Number of protein chains: 2
Amino acid sequence: MSEKVTIATVARHARVSRQTVSNVLNAPHIVREETRQRVQEAIAVLGYRANQAARQMRTGRSRLIAVRIEPTRDGINGSVLDRFLHGLTETADAAGYRVMLYTAGDDDQEIATYDDLLGAYDLDAFVLTGTKHGDPRTAWLADRGVPFVTFGRPWDDPESHPWVDVDNADGTAQATRRLLDTGHRRIAFIGWPEGSGVGDDRRTGWRTTLAAAGLDTDLHRATWDGIAEGERAMRDLLHLAEPPTAVVCASDSLALGALQAVGTAAPQVAVVGFDDTPVAAAVGLTSVSQPLAAAAARCVELLTGVLDGTHQTDPHVLLQPALVLRHTA
Amino acid sequence: MSEKVTIATVARHARVSRQTVSNVLNAPHIVREETRQRVQEAIAVLGYRANQAARQMRTGRSRLIAVRIEPTRDGINGSVLDRFLHGLTETADAAGYRVMLYTAGDDDQEIATYDDLLGAYDLDAFVLTGTKHGDPRTAWLADRGVPFVTFGRPWDDPESHPWVDVDNADGTAQATRRLLDTGHRRIAFIGWPEGSGVGDDRRTGWRTTLAAAGLDTDLHRATWDGIAEGERAMRDLLHLAEPPTAVVCASDSLALGALQAVGTAAPQVAVVGFDDTPVAAAVGLTSVSQPLAAAAARCVELLTGVLDGTHQTDPHVLLQPALVLRHTA
DNA sequence: CCAGAAACTTTGAACGATCTAATCCTGCCG
DNA sequence: CGGCAGGATTAGATCGTTCAAAGTTTCTGG
């Protein structure tokens, strides 16, 4: 390998000054076409690549986006983040940005990490997932004017910052409509306790669809997420005098539990899950699929919009999920 | 926020020169204890953080490690990478390194990405997963003297570069022993076609354990990975004159298929999978679990060893998996 | 043909760290 | 008391890029 190729090497080779080369890269329109081509050619011939560190030191921008990677809690939802991350990396790449990972145990640690990343690496932006009510992280970032996007709506004030989300209510609504279309009339819902934005949203989709069809919305149970919990809730529902003939669940974990409950007792009961995890595909569970690649792409779009100054008309994106039909409904 | 805190600010505050501050950070032993403390205090008071870009420009090292994030193929194995990534991020963090993601469609693209990342970001090292026979990527990196570790043995020459791997043969051996211990004598194996290093290794563990017990090693099938494939292979085995009473599978996908085959026909047949994916946990499948967090940690250890110059005694690490007992075996 | 503007190009100075080499102490020995 | 070793500290140069301002060429119209 010969010596390092810097902007000066290119300049010498193209018989122009350093600044002209820089202009070709950063503001091509102010360079005469003929010169531009000569420089481009030199860049190609020499295999020149702008040194990010030097650029960053001068401009203060790193073209780096940070994303938190969470410990796989339940394990079952891990693949959701996985797919999202992949989409993010791909889209960011296309936009000239790179994705950096970080972890943090709790919110305080996470905020300390922001400080660290911003101080040491001059990070351009953050992507947050799993926002909560009164999230301290978004407040901290907003205070300091750090660009960020959340995947998941802010549950307090929808206008407070840019976000991308999936229309959870529409997902369960689609599931419910499908069950109605296939003749079911007693359709239950198993979800999470009130208070989680996502969970409430998913319940709402089921409730309003049933209500619109003039049907009863009493058949529902709330429990923590998990397979055992889903099984227990479903068993409970099946013991009613008039048990449901179908059930919509807030997650694949719950749905899987429900499936185990009906499997032994009432094989004809239809079950629909949420998230279209590998588990769902594996056991043939009909499930609501989130457009994760698209969501990731929109996150990057919003961020680059903010970073490159081109102001986005609407920094809030709500995507529609899709029902993936398998043999449980 | 006040003005930026640089090394000069700290130096002024501690009444020393910039270089002394730099020494406190990079070579504390050559600074007098009293001075060192004064500088440390100034750093703490001012909340100084060394600017990575500036450091990188001078030293040529970025404290950045790149990892490829693959598109979730089957979906079922996605969570393996997910857990590995999390472990990697955490350990790297502790060692003062950050993890950057990249994607690539094929090997050529991946090599082009290396070039890009090295040129623009001065990446310190790469972690590769899923190595193949005659992998062009490792050759390219080795040629250029770029530090890297693979998660997965090099199948050509085990000495060619540092690696961390899980002892696949031991995993299936553990599974087979467990089945022997619970009284099974006709134990089958469903795996992948010959030629994939990992697959062959997993088959070997089963075969040698059976052979050591003086039992027949004829009961095996090879097929591509997948649930349907596993089901077909198992159905085939069950139709034999003397069908197996247990089966060890090379993946949870295959095991899940096998489970579906036995579920209807022969409920007493034991099944063991491999990878301990969320699916396995969900359906109660006994499976071999890879120590992914540990593997990630060892990868970082090997890399920092190479990067910091402290030569590792043995740059090859083979970790033992663990059998997670559930109710299918 | 020239003034003046427009379009393009060049030069020197940052950015914030580390490296090299020079300088300042301090104590010790002859 | 001078010289000197050796560690602690300082000053200046440097990494590769972009910014700001100044310089040069080209074009236009009177």
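Numbered from 1 within each chain, the chains take letters A, B, ... in sequence-line order. Computed from a predicted model, the values in this text were never measured in an experiment.
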Item to check | Considering all heavy atoms, the nearest A/F151-A/A295 contact | outcome: CE1-CB, 3.6 Å
Checklist entry - Can you name the closest pair of heavy atoms from B/Y121 and B/M100 and give their distance? => result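 Reported closest heavy-atom pair: CD2-CE, 3.9 Å.
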Next on the checklist: Run B/V149 and B/R298 through side chain to side chain contact (heavy atoms under 4.5 Å, CB included) and show every step you take.
Outcome noted: CA-CA 10 Å; B/V149 177; B/R298 304 307 297 269; over 6 Å; no
Given side chains that start at C-beta, do those of [X] and [Y] come closer than 4.5 Å, heavy atoms only?
X     : Y     : answer
B/P28 : B/N23 : no
B/V16 : B/V24 : no
B/T9  : B/Y48 : no

Atom-pair distance ([atom1] on [X]; [atom2] on [N]), nearest Å:
X      : N      : atom1 : atom2 : answer
A/N26  : D/dA20 : CG    : P     : 13 Å
B/N23  : D/dA11 : CG    : P     : 14 Å
A/L25  : D/dC19 : CG    : P     : 12 Å
B/R36  : D/dG7  : CZ    : P     : 19 Å
B/Y121 : D/dG16 : OH    : C1'   : 16 Å
A/Q56  : D/dT18 : CD    : P     : 12 Å
A/I7   : D/dT17 : CD1   : C1'   : 6 Å
B/E33  : D/dG7  : CD    : P     : 18 Å

Item to check | Salt bridge flag under 4.0 Å for residues B/D116 and A/R98 | outcome: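 A salt bridge is present here (some side-chain N lies under 4.0 Å from a carboxylate O).
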Item to check | Lys/Arg N to Asp/Glu carboxylate O, A/E41 vs A/R38, below 4.0 Å | outcome: no
Checklist entry - If you fit an axis to the five pairs at each end of the helix from C/dC1-D/dG30 to C/dG30-D/dC1, how big is the angle between those two axes, to 10 degrees? => result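 It comes to 60° between the two terminal axes.
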Item to check | Any donor-acceptor N/O pair under 3.5 Å between D/dT17 base and A/R55 side chain | outcome: no
Using only side-chain N and O atoms of [X], determine if any of them is under 4.0 Å from OP1 or OP2 of [N].
X     : N      : result
B/R32 : D/dG7  : no
A/T59 : D/dT17 : no
A/S22 : D/dT18 : yes

Next on the checklist: Considering every strand and a 4.0 Å limit on heavy-atom distances, what is the contact class for A/A50: base, sugar-phosphate, or nothing?
Outcome noted: sugar-phosphate
Checklist entry - How would you label the contact of A/T6 with the nucleic acid (heavy atoms, under 4.0 Å): base, sugar-phosphate, or nothing? => result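 Answer is sugar-phosphate: A/T6 comes under 4.0 Å of backbone atoms only.
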Checklist entry - Under a criterion of less than 4.0 angstrom to any heavy atom of chain A, what are the 5'-terminal and 3'-terminal contacting nucleotides of DNA chain C? => result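 That gives a stretch of C/dC8 to C/dG16.
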Item to check | Given DNA chain C, 5'-ward residue of the pair B/R49 and A/R38, judged by closest heavy atom | outcome: A/R38
Checklist entry - Want to settle it: does B/Q19 or A/R18 sit nearer the 5' end of DNA chain D, counting the closest nucleotide to each? => result B/Q19
Checklist entry - Pairs in or reaching into residues 99-110 of chain A: which pass side-chain hydrogen bond (donor to acceptor under 3.5 Å, both in side chains), with residues at least two apart or in two chains? => result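 Every side-chain hydrogen bond (donor to acceptor under 3.5 Å, both in side chains) pair that includes a residue of residues 99-110 of chain A, provided the two are not neighbours, is A/R68-A/E110, A/Y102-A/E110, A/D107-A/K132, A/E110-A/Y114, A/E110-A/R137.
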Checklist outcome for this item: Rounding to 0.5 Å, atoms CG (A/L319) and CG (A/D167) come to a distance of 9.0 Å
